[in-house]
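In what follows, chains carry the letters A, B, and so on, assigned in the order in which the sequence lines appear, proteins first and then strands, with residues in each chain numbered from 1. These numbers come from the heavy atoms of this one structure, side chains and all, not from hydrogens, waters or symmetry mates. As the structure is a computational prediction, the values presented were derived from the model and not from experiment.
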Number of protein chains: 2
Amino acid sequence: MQGRATGKSEAVYERLKEDIESLRLRPGAKLSEVQLGEELGASRTPVREAIRRLARDGLVDFVPGEVARVAPISLGGVHALFEFRMLLEPQAAASVATAGAADERVLVPFHDLLKRLEEFDESFRALDAAAQVRSYTKFYEVTEGFDQAVIAACRNPYLARTIRDLRSQTVRLRHLSHSRPRRMLTSLDEHRAMLKAITRGDAQAAEAAGRHHLAQTRQALIDSLTSQDLTLGRDVQVDLTG
Amino acid sequence: MQGRATGKSEAVYERLKEDIESLRLRPGAKLSEVQLGEELGASRTPVREAIRRLARDGLVDFVPGEVARVAPISLGGVHALFEFRMLLEPQAAASVATAGAADERVLVPFHDLLKRLEEFDESFRALDAAAQVRSYTKFYEVTEGFDQAVIAACRNPYLARTIRDLRSQTVRLRHLSHSRPRRMLTSLDEHRAMLKAITRGDAQAAEAAGRHHLAQTRQALIDSLTSQDLTLGRDVQVDLTG
DNA sequence: GTACACCATCCTGTATACACCCTGGCGGCC
DNA sequence: GGCCGCCAGGGTGTATACAGGATGGTGTAC
């Protein structure tokens, strides 16, 4: 097994995932098993396996017998992705709120999260736009904590896994267009609304807040994609026809 | 490539899938790569790949470094599965109905399906219970046509793929407890209601009918699982604690 | 009789070799 | 000059070899 500590396959997967999410590997780029193996210091077997997993994550288009390619980004795909998330994530938030109403322990991580959010939110609002952009790492840390906590608290493993499987694509889109400062502010508001509804055990409000947040996020993303700064200084092309 | 026509990996996958769905491979059974390879006349590589794909389908429990096992069946798992399907499939039916209202061509396969259903339904009701049971292959052919048609007409590829991915597990459960004649009759009614709502372009009715059908199906399955005939003459154990 | 330790065995993870396919470019032929 | 066929290269699919690690059974000591 070449040492449980190493885990070549896992390492290759994580590395490729990062490269694709960060757009270092551009949509449409060929993923040759031998070439990647040489670059990453692994043989074909782990690379193959990693590529299959990335295909499941929706980051790679894979057709048997053909060269795997980094999945292209299309406007239609973005719409479909968000439509699907809109079906799942508000429901997950609602079910967590319901579970929390029945068992207070479910809510512990959300109380923590809400506290961290409030703290960050306060300092974030005090910054000017440039400083806000510079602190976007922290912003994502807080907001992503929410997704993670919902998934962790989600009672239904199918729902949890499906939401988790969509995360990689969402992350890549985020790299296509970082949130603007104003959007970050409203996003924080939306997260606070979701967290409060959950800690209150109000399933209906949690679902509504989740739906609202996703709708806003999608709109911000679409606006960004359809504006001129598609390329972000790189030549990442997005298919706007879909 | 050993001849495009063969497709060892695909063949092994299909074969194992059938064996697991039909319970010939019992829940919890070990799936050793070498052993399966010898039995199916393939080397470890295609078997590995097939096992990974089956894990994605939820038919196999796979932990890196450990022996893969056929996924166990638990009552809790069944509940989670149906809860999740209840979230997706009625929504898919509704979205197809909506799409059909806008574009009549979407509905063509459903008109055909409804016609076939009516024909089968008529002759099916004329049979006695034993004959109904004997014709259950035809029954599944008609009812499964519905799932397939919804998936095919589903505009959202994420939704379609997720529903499709759950199919294998549903099929396996069906093998655990075939529908009783009375259930088949009501199921036909439910399918007719769904089909009519879709062809009418009534999204709300389609969603309600889909929800109702799933609830009824789940109830019939749970009743069957919690009764004594768990084992179906085989020693397939179901974990009732979950 | 029981519990612990050691050993044989099996199994997976990884590397590598071979077979076939598909593509693209070059050269000859019309 | 254009078109067709051949050849070389790369790419995946599959088979097989090798290197650890987990597991289960057996034997022994208490």
Apply the test side-chain contact (heavy atoms from CB on, under 4.5 Å) to residues A:Glu89 and A:Val150: give CA-CA distance (whole Å), side-chain angles for both, the deciding distance (0.1 Å), then the verdict.
CA-CA 9 Å; A:Glu89 295 180 23; A:Val150 169; over 6 Å; no

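- Of the two residues near DNA chain D, A:Thr45 and A:Glu33, the one whose nearest nucleotide lies more 5' is A:Glu33.
- Between A:Arg48 atom CZ and D:dT14 atom P there is a gap of 7 Å when expressed in whole angstrom units.
- For A:Glu66 and C:dC21, the CD to C1' distance is 12 Å, given to the nearest whole Å.
- Rounding to whole angstrom units, CD of residue A:Gln35 and P of D:dG11 are separated by 7 Å.
- Under 4.0 angstrom from either OP1 or OP2 of D:dG13 there lies at least one side-chain N or O belonging to A:Arg52.
- Regarding A:Glu49, its CD atom lies at a distance of 16 Å from the P atom of D:dT12, rounded to whole Å.
- Between the side chain of A:Arg44 and the base of D:dG11 there is no donor-acceptor pair of N/O atoms closer than 3.5 Å.
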Hey, mind stepping through A:Leu81 and A:His79 against side-chain contact (heavy atoms from CB on, under 4.5 Å) and telling me if it holds?
CA-CA 5 Å; A:Leu81 175 64; A:His79 271 113; over 6 Å; no

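- Heavy-atom distances to DNA chain C give each of B:Ile51 and A:Pro46 a nearest nucleotide, and the one nearer the 5′ end belongs to B:Ile51.
- Put simply, CG on B:Leu36 is 17 Å from C1' on D:dA15, counting in whole angstrom units.
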Acceptor/donor pairs from residues 36-43 of chain B side chains to any protein atom, 3.5 angstrom cut, sequence neighbours excluded:
{"unit_1": "B:Glu39", "atom_1": "OE2", "unit_2": "B:Gln35", "atom_2": "NE2", "d": "3.1"}

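- When rounded to the nearest whole Å, the span between CZ of B:Phe62 and P of C:dT12 equals 9 Å.
- At least one side-chain nitrogen or oxygen of A:Lys8 sits closer than 4.0 Å to the OP1 or OP2 atom of C:dA15.
- Proximity note for B:Ser43 (side chain, C-beta onward) versus D:dT14, C:dT14, D:dT12: the nearest is D:dT14.
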Apply side-chain contact (heavy atoms from CB on, under 4.5 Å) to the pair A:Val47 and A:Ile51, showing each step before the final yes or no.
CA-CA 6 Å; A:Val47 175; A:Ile51 287 178; 4.0 Å; yes

